[in-house]
Number of protein chains: 2
Amino acid sequence: MANGARTRKKSADRRDELIRATLESIGEACSLDVTVGEIARRAGVSSALAHHYFGGKDDLFLAAMRSLLTAFRNDVVARLSEAETSRTRLSAIVCASFAPAQFAPNTVAAWTIFYAKAQSSPRYGRLLRVYVRRLRSNLQHELRGLPVAGDLEDAAEAIAAMIDGLYLRQGLQRAPAERERAIAITEKLIDGLLAHSPLDSGWRSRA
Amino acid sequence: MANGARTRKKSADRRDELIRATLESIGEACSLDVTVGEIARRAGVSSALAHHYFGGKDDLFLAAMRSLLTAFRNDVVARLSEAETSRTRLSAIVCASFAPAQFAPNTVAAWTIFYAKAQSSPRYGRLLRVYVRRLRSNLQHELRGLPVAGDLEDAAEAIAAMIDGLYLRQGLQRAPAERERAIAITEKLIDGLLAHSPLDSGWRSRA
DNA sequence: AAGTTTATTGACTAGTCAGTCAATCGTGCA
DNA sequence: TGCACGATTGACTGACTAGTCAATAAACTT
């Protein structure tokens with residue numbers, strides 16, 4: 001409908017657009033050093049509206065981070081519910097971590113920035129620790145159903161670190177198809193962590 | 001010597017102080033969003049002097065990053081020359097990565113920031129790729145002297161990712177003694193990557 | 001239709017910051 | 001001693017930005 005420049009939308013829609021624009025901006029700049037004006041322009045609104053909805057720049061950023069976290073969590077939950085064994089549930093977590101949506105360059109950049117920021121800012125830190133704890137809890141829970149060789153907590157930490165490390169390194173290489181490779185490497189790590197790991201681990205990457 | 005407020009120093013000294021102050025500032029803020037004035041204040045000089053020596057903010061940041069990279073490289077080279085076998089040289093790389101100086105919170109934060117920035121800025125990217133390539137090359141070279149189970153390049157990538165991942169996650173946990181744990185986890189990964197890995201892998205962490 | 005609420009913006013402010021420049025001050029050299 | 005060069009700075013500016021506010025206009029209520 002040719003409504004022209006002035007369209008009014010529901011509050012939630014505007015919020016979503018602003019958060020999307022925020023993640024885009026942060027992702028492209030690979031830094032939190034982006035202006036509210038730039039974000040608003042991307043969302044097609046005035047900067048005053050961004051302040052109206054989110055209060056301040058920091059609140060907007062935190063909302064964007066929260067959106068990343070919940071998107072990931074929802075994906076994990078959905079995939080977990082579809083898997084039947086502990087081993088395949090581990091694979092589900094891996095798959096979720098490297099899902100195309102999560103693995104997009106801008107998303108990776110945003111995660112990295114938030115990871116860094118979380119180390120100095122309490123507000124960001126609290127948010128990120130929720131994610132870290134939940135992922136650790138999930139990993140440990142599934143590992144408990146498997147014959148882990150060695151310390152279980154270390155195994156969970158190893159998997160989490162491998163995921164984060166591969167995630168972080170994504171974007172530095174030029175080659176595509178890094179996604180499949182990241183999954184393969186992580187799966188191999190998991191198999192290595194399991195005692196008497198059979199060659200066939202039962203995982204299968206999804207296109 | 002009570003020289004008072006006005007002391008003149010050699011150019012190189014001032015540069016070092018400014019770079020140190022830059023890394024401190026970036027590390028504390030966990031972001032590149034620090035002012036030249038703040039950095040200069042930390043170094044005990046005027047902001048004009050920082051511009052005098054480095055030209056601009058970006059050049060100062062790049063110099064700081066370069067300093068991180070060469071410090072790490074020097075440490076790796078030193079440790080590599082002391083190790084005798086491929087396996088112990090791998091451990092040397094691990095030890096260097098988690099050396100207390102490299103593992104300090106501020107240093108970790110600075111690395112993380114640079115990692116993120118490297119994905120969008122060509123200048124930062126070039127710099128970081130040098131480090132990534134060299135580390136990869138080192139890892140692959142040592143792995144060639146060992147019975148690797150599976151793809152050698154994937155094994156090198158796995159080790160590198162594990163190091164980066166543990167590195168990134170450092171600072172999120174509250175517990176100390178993460179250093180030893182990070183080393184242990186990485187060593188275990190390496191052993192897992194080697195065919196018929198013996199229980200005693202020959203590495204020994206250094207206090 | 002009148003009134004209320006809510007979305008939306010342009011214009012403004014107060015503050016910040018990177019980078020410049022001319023002037024000052026040591027230090028070593030002829 | 002005098003000179004020249006590098007170190008160092010205070011003061012300044014031009015540009016930019018977060019956040020405010022009052023005004024407008026669409027949508028919703030009754």
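This is a predicted model, so every value here is computed, not measured.
Judged by distance alone, the side chain of Q102(B) and the main-chain N or O of T107(B) form no donor-acceptor pair under 3.5 Å. Here the side chain of R179(B) pairs a donor or acceptor atom with the backbone of F98(B) at under 3.5 angstrom.
We find that CZ of R15(A) is positioned 12 Å from C1' of dT6(C), with the value rounded to whole Å. Rounded to whole Å, the distance from CG on L60(B) to P on dG19(C) is 10 Å. The interatomic distance linking F54(A) (CZ) with dA18(D) (C1') rounds to 16 Å, in whole Å. As rounded to whole Å, 13 Å separates atom P of dA7(D) from atom CD of E17(B). Following rounding to the nearest Å, F61(A) (CZ) and dT17(D) (C1') show an atom-to-atom distance of 12 Å. Distance, E38(A) CD to dT17(D) P: 9 Å, rounded to whole Å. Across the protein-nucleic acid pair, I39(A) atom CD1 and dC16(D) atom P stand 18 Å apart, rounded to whole Å. At whole-Å resolution of the value, CG in L49(A) and P in dA11(C) are 17 Å apart.
Considering only the side chain of A48(B), dT20(C) comes nearest among dT9(C), dT20(C), dG19(C). Listed candidates were dT9(D), dA18(D), dG10(C). Nearest to the side chain of V36(A) is dA18(D). Closest to the side chain of H51(A), from the set dA18(D), dT8(C), dT20(C), is dA18(D).
Aromatic ring centres of W111(B) and F103(B) lie farther apart than the 6.0 Å criterion allows.
Proximity of H52(A) to the phosphate of dA7(C): a side-chain N or O atom is located under 4.0 Å from OP1 or OP2. Taking 4.0 angstrom as the limit, R14(A) places none of its side-chain polar atoms (N or O) nearer than this to OP1 or OP2 of dA7(C). The phosphate of dT6(C) has neither OP1 nor OP2 within less than 4.0 Å of any side-chain N or O from Y53(A).
A salt bridge is defined here as a Lys NZ or Arg NE, NH1 or NH2 lying under 4.0 Å from an Asp or Glu carboxylate O, and R20(B) with D16(B) fails to meet this definition. The existence of a salt bridge linking R42(A) and E28(A) is confirmed by a sub-4.0 Å separation between a basic side-chain nitrogen and an acidic carboxylate oxygen.
Within the nucleic acid shown, T35(A) comes within 4.0 Å of sugar-phosphate atoms alone, with no base atom in reach, counting heavy atoms only. S47(A) comes within 4.0 angstrom of nothing in the nucleic acid, heavy atoms only.
For D58(B) and A50(A), each mapped to the nucleotide of DNA chain C holding its nearest heavy atom, the one lying further toward the 5' end belongs to A50(A).
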